[in-house]
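Since we're looking at a predicted model, the values are computed, not measured. We count ligands from 1, going down the list as the structure has it; atoms in each ligand are counted the same way.
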Amino acid sequence: MEYKRISDANIITEKYMDSILIEERLIDSVVADTAIEFFGKKYDSPVMTPAFSHLANYNGRELNGLEEYSLAAKELNILNFVGMMENEGFKKIADTGADTVRIIKPYADNGKVRDQMQFAKEVGAAGIGMDIDHIFGGEGYDVVVGEKMGPQTADMLASYVEDYGLPFTVKGVLSVSDAVKCAKIGAKAIIVSHHHGRLPYAVPPMMVLPKIKEALKGTDVKIIVDCGIATGADVFKALALGADAAAVGRSMMPSLEEGGVRGVCDFVTRVNNDLRFIMSSTGFNSISSIDDSVLYNGPLP
Ligand SMILES: Cc1cc2nc3c(=O)[nH]c(=O)nc-3n(C[C@H](O)[C@H](O)[C@H](O)COP(=O)(O)O)c2cc1C
């Protein structure tokens with residue numbers, strides 16, 4: 001007989017997000033503006049692309065999925081993210097002209113980490129970062145596509161901030177403890193994430209977000225959320241709970257696979273339109289004015 005428990009953080013995260021409900025505040029409200037400022041630049045939406053890697057050339061198209069969504073990010077004027085890849089791959093992303101943050105793996109070979117950071121800087125990346133939630137695996141340090149990962153100390157992270165002079169993003173922060181360390185090392189952003197459920201029973205990013213927001217008060221660290229973000233309502237809840245932006249990930253994939261650049265543009269536009277509708281309907285006319293006073297904790301569906 002099979003004995004099973006739900007330890008899947010993706011399911012738990014979705015249930016938590018769906019348990020948060022929103023009230024309306026319509027009188028005196030106007031159509032909202034979704035523009036944001038991030039790393040000193042203006043963008044049209046707080047919706048961002050995910051730090052993805054290893055995508056295919058869908059439906060026989062000439063461009064890889066990573067290039068396609070990067071071109072969409074440029075067209076949409078949103079901040080773009082990419083994940084694990086060699087420098088040759090990142091050159092193609094840089095050539096799309098999108099403002100791109102390169103999230104580099106915590107390779108055990110620190111020379112490789114630094115080579116990728118230096119290359120990102122040389123080809124004009126908008127920022128660099130590291131997904132610290134890929135350091136460990138079941139047998140010790142993780143091995144990702146044949147590459148060994150290694151531990152990252154606060155001093156090492158501080159040296160990446162210091163040595164490359166680019167805005168640094170730590171991806172995979174899921175505690176006040178790590179968030180405070182990120183502020184201390186001079187990170188300019190964190191991505192509150194469990195990396196699509198790597199940790200069983202990982203706390204939903206939106207559940208830990210208010211505590212992280214409070215702990216980072218008075219710092220200039222921006223907060224991005226990912227994991228299960230699929231709609232404008234998800235983005236709205238993340239912003240209301242303390243995020244500055246939210247990244248869509250796997251929810252974008254069907255549109256990317258079917259429609260390429262156009263598909264991603266249409267998908268993100270839909271998410272942003274939903275967000276604008278909810279902001280307008282709750283009386284918040286700018287992203288920075290959104291707060292959690294319109295949220296309710298309902299029963300889990
Ligand atoms: C195909 C694929 C490749 C990914 N590659 C990376 C990566 O190289 N670096 C990284 O930090 N995260 C990577 N991620 C994790 C995503 O950036 C994101 O944190 C995760 O998918 C959760 O968001 P979602 O639920 O919206 O998909 C990858 C996810 C997928 C599905």
Query - Backbone of T231 reached by a side-chain donor or acceptor of D234 within 3.5 Å - result: yes
Report task. Report yes if A51 has an N/O atom closer than 3.5 Å to an N/O atom of ligand 1; otherwise report no. Result -> yes
Query raised in the report: Roughly how far apart are S159 OG and Q152 CD, rounded to 0.5 Å?
Result: 9.0 Å
Query raised in the report: For N273 and R276, does a side-chain donor sit closer than 3.5 Å to a side-chain acceptor?
Result: yes
Query raised in the report: Who's the nearest protein heavy-atom neighbour of atom 9 (N) of ligand 1, and how far?
Result: K105 NZ, 3.3 Å
Query raised in the report: Using a distance-only test with no angle check, is there a side-chain donor-acceptor pair under 3.5 angstrom linking Y296 and E23?
Result: yes
Query raised in the report: With atoms numbered from 1 as shown, which atoms in ligand 1 lie under 4.0 angstrom from a non-hydrogen atom of G228?
Result: 24 (P), 25 (O), 26 (O)
Query raised in the report: Can you say whether the rings of F236 and F284 are parallel (under 30°), tilted (30 to 60°) or perpendicular (over 60°)?
Result: tilted
Query raised in the report: Should you measure from each heavy atom of H195, which atoms of ligand 1 turn up under 4.0 Å away?
Result: 10 (C), 11 (O), 12 (N), 13 (C), 14 (N), 15 (C), 19 (O)
Query raised in the report: When you measure from the side chain of D244 to the backbone N and O of I223, does any donor-acceptor pair fall under 3.5 Å?
Result: yes
**Report entry** Distance filter under 4.0 Å to K171 heavy atoms, resulting ligand 1 atoms
**Finding:** 10 (C), 11 (O), 12 (N), 15 (C), 16 (C), 17 (O), 18 (C), 19 (O)
Query raised in the report: So which protein heavy atom does atom 2 (C) of ligand 1 come closest to, and at what separation?
Result: F52 CD1, 3.9 Å
Query raised in the report: Does the D292 side chain pair with the main chain of L241, one donor and one acceptor, at a distance under 3.5 Å?
Result: no
Requested in this report: Return yes if some donor-acceptor pair links the side-chain N/O of R61 with the main-chain N/O of E257 below 3.5 Å, else return no.
Outcome: yes
Query - Short N-O contact, K222 and E37, less than 4.0 angstrom - result: no
Report summary line: For I103, the ligand 1 atoms with a heavy-atom partner under 4.0 Å come out as 11 (O)
**Report entry** Part of M253 with heavy atoms under 4.0 Å of ligand 1, whether side chain, backbone, both or neither
**Finding:** neither
Query - Sub-4.0 Å heavy-atom contact, H194 with ligand 1 - result: no
Requested in this report: Could you tell me whether H196 approaches ligand 1 through its side chain, its backbone, both or neither, with non-hydrogen atoms closer than 4.0 Å?
Outcome: both
Query raised in the report: Could you go step by step and tell me if K237 and Y16 meet the side-chain contact (heavy atoms from CB on, under 4.5 Å) rule?
Result: CA-CA 11 Å; K237 291 173 189 178; Y16 184 73; over 6 Å; no
**Report entry** Nearest neighbour in protein (non-hydrogen) for atom 8 (O) of ligand 1
**Finding:** M84 N, 2.7 Å
Query - R250: numbered ligand 1 atoms lying under 4.0 Å from its heavy atoms - result: 24 (P), 25 (O), 26 (O), 27 (O), 31 (C)
Query raised in the report: Side chain or backbone of C227 under 4.0 Å from ligand 1, or both, or neither, by non-hydrogen atoms?
Result: both
**Report entry** Atoms of ligand 1 close to S193 [distance to a heavy atom under 4.0 angstrom, numbered from 1]
**Finding:** 19 (O)
Report summary line: shortest atom 18 (C) of ligand 1-to-protein heavy-atom contact is with D226 OD2, 3.2 Å
**Report entry** Those atoms of ligand 1 less than 4.0 Å from some heavy atom in S53
**Finding:** 1 (C), 3 (C), 4 (C), 5 (N), 6 (C), 7 (C), 8 (O)
Query raised in the report: Purely on distance, is any nitrogen or oxygen of G249 under 3.5 Å from one on ligand 1?
Result: yes
Query raised in the report: Taking the six-membered ring for Trp, are Y160 and F168 parallel (under 30°), tilted (30 to 60°) or perpendicular (over 60°)?
Result: tilted
Report summary line: The atoms of ligand 1 lying under 4.0 Å from a heavy atom of D131, numbered in the order shown, are 9 (N), 10 (C), 11 (O)
